[in-house]
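Counting from 1, the numbers follow the sequence of the chain as shown.
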Amino acid sequence: MSSGRVAGKLAIITGAARGQGRAHAVRLAEEGARIVAVDIAAPIDTVEYDLSTPDDLDETVRLVKDAGGEARSFVADVRDQAALDGIVSTVLAELGPIDVVVANAGISTYGPSQDLSEQQWQTMLDINLTGVWHTVKAALPAMIEAGRGGSIILTSSINGLKGIANSTHYTAAKHGVVGLMRGLVQEVSGHSIRVNTVHPTCVETGMIINDATYRLFRPDLENPTLEDTLEGFQSLQMLPTPFVQPVDIANAVLWLASDEARYVTGVTLPIDAGCLQK
């Protein structure tokens, strides 16, 4: 695709096999970007809901191509710096310089702070914070060397800007992503590389639409359903919706990746249906 708001840009997206990551890949491809889709595509011990599979990652590639874009996929764990470094080396050799990084991979688990296991705590930070740093660390030297500028977009959460009970490890990690962004802005702005965070409220993906989340919202019920939780989800937002959709976050990512946001850096951008105003 030769035209579009990010035409010709090469974007690496982690957590791209489904959910928000897939939406980012497809939306950027619709506007002309070439996509490198990265995902663990495997279960993680502490996570109760089903995670993505290699078939999901293949489906993202198919959807990108259906949108008129180009895509390459790689299976990798963002906890593995060497794996991400290897992907970047391959991308540079075969596809060219990197213009956009979307560090999106993340998990969600729940429990009161005093009941969290060491494994729950550490896995959360390793993926949702250190994994974001690993992703940036892998791509940044090549972006600086290319001298083309670029956009780095880190997925935080409304819980990167406010606290939430029964998820302090998630809240801590997402606050950490904001700190990482703010430090990077100080380091890379001279290279015309912009760094921003996006802060979704509840997004209608597998991270939210699962039994563990339903139980969090309705502990009074033995086997709560999605229908049982809708009032609780709605209570978080100002606008009349229980969720936002993946494309709503993808539209924000597209803008931050595009030259329309060429002087936007250091921003914590909520896509939250007014949640932060509650």
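Sparse packing is recorded around CD of E227, with 12 or fewer heavy atoms of other residues, nucleotides or ligands lying under 6.0 Å away. Residue E145 qualifies as open at atom CD: its count of foreign heavy atoms under 6.0 Å is 12 or below. Atom CG of D50 is surrounded by 12 or fewer heavy atoms from other residues, nucleotides or ligands within 6.0 Å.
Using a cutoff of 4.0 Å between basic side-chain nitrogens and carboxylate oxygens, D259 and K9 are scored as salt-bridged. D66 and R62 are joined by a salt bridge, as a carboxylate oxygen and a charged side-chain nitrogen come within less than 4.0 angstrom of each other.
Checked by atom type and distance alone, the side chain of T14 pairs as donor or acceptor with a backbone atom of A105 at under 3.5 Å. Distance alone, capped at 3.5 Å, places no donor-acceptor pair between the N251 side chain and the D248 backbone. Between the side chain of T171 and the main chain of T168, no donor-acceptor pair closer than 3.5 Å is present. In this structure a side-chain-to-backbone donor-acceptor pair under 3.5 Å is missing from H199 to S156. D272 places no side-chain N or O within donor-acceptor distance of the main-chain N or O of T201, the cut-off being under 3.5 Å. Checking side-chain atoms of S117 against main-chain N and O of Q120 turns up a donor-acceptor pair under 3.5 Å. Counting only distance, with no hydrogens or angles, the side chain of Q237 and the backbone of G274 share no donor-acceptor pair below 3.5 Å. For Y49 (side chain) and T213 (main-chain N/O), no donor-acceptor pair under 3.5 Å exists by modelled atom type. Checking side-chain atoms of Q81 against main-chain N and O of H134 turns up a donor-acceptor pair under 3.5 Å. R72 contributes no side-chain N or O that, together with a main-chain N or O of V91, makes up a donor-acceptor pair within less than 3.5 Å.
Between I249 and H24, some side-chain heavy-atom pair lies under the 4.5 Å cut-off.
There is no side-chain donor-acceptor pair under 3.5 Å between T229 and R218. Side chains of T123 and D126: no donor on one and acceptor on the other come within 3.5 Å.
Distance check: L51 CG to I107 CD1 gives 8.0 Å after rounding to the nearest 0.5 Å. To the nearest 0.5 Å, atoms CG (L84) and NZ (K137) are separated by 10.5 Å.
For the side-chain hydrogen bond (donor to acceptor under 3.5 Å, both in side chains) with T109, the lone residue among E48, Q119, H169 that qualifies is H169. With D99 as the fixed residue, the salt bridge (charged side-chain N to carboxylate O under 4.0 Å, His left out) test singles out one of R34, R148, R194: R148.
Applying the side-chain hydrogen bond (donor to acceptor under 3.5 Å, both in side chains) criterion to T155, with sequence neighbours excluded, gives N104.
Other members of the cluster containing M238 do not exist, because no ILVMFWY side chain is joined to it at under 4.5 Å.
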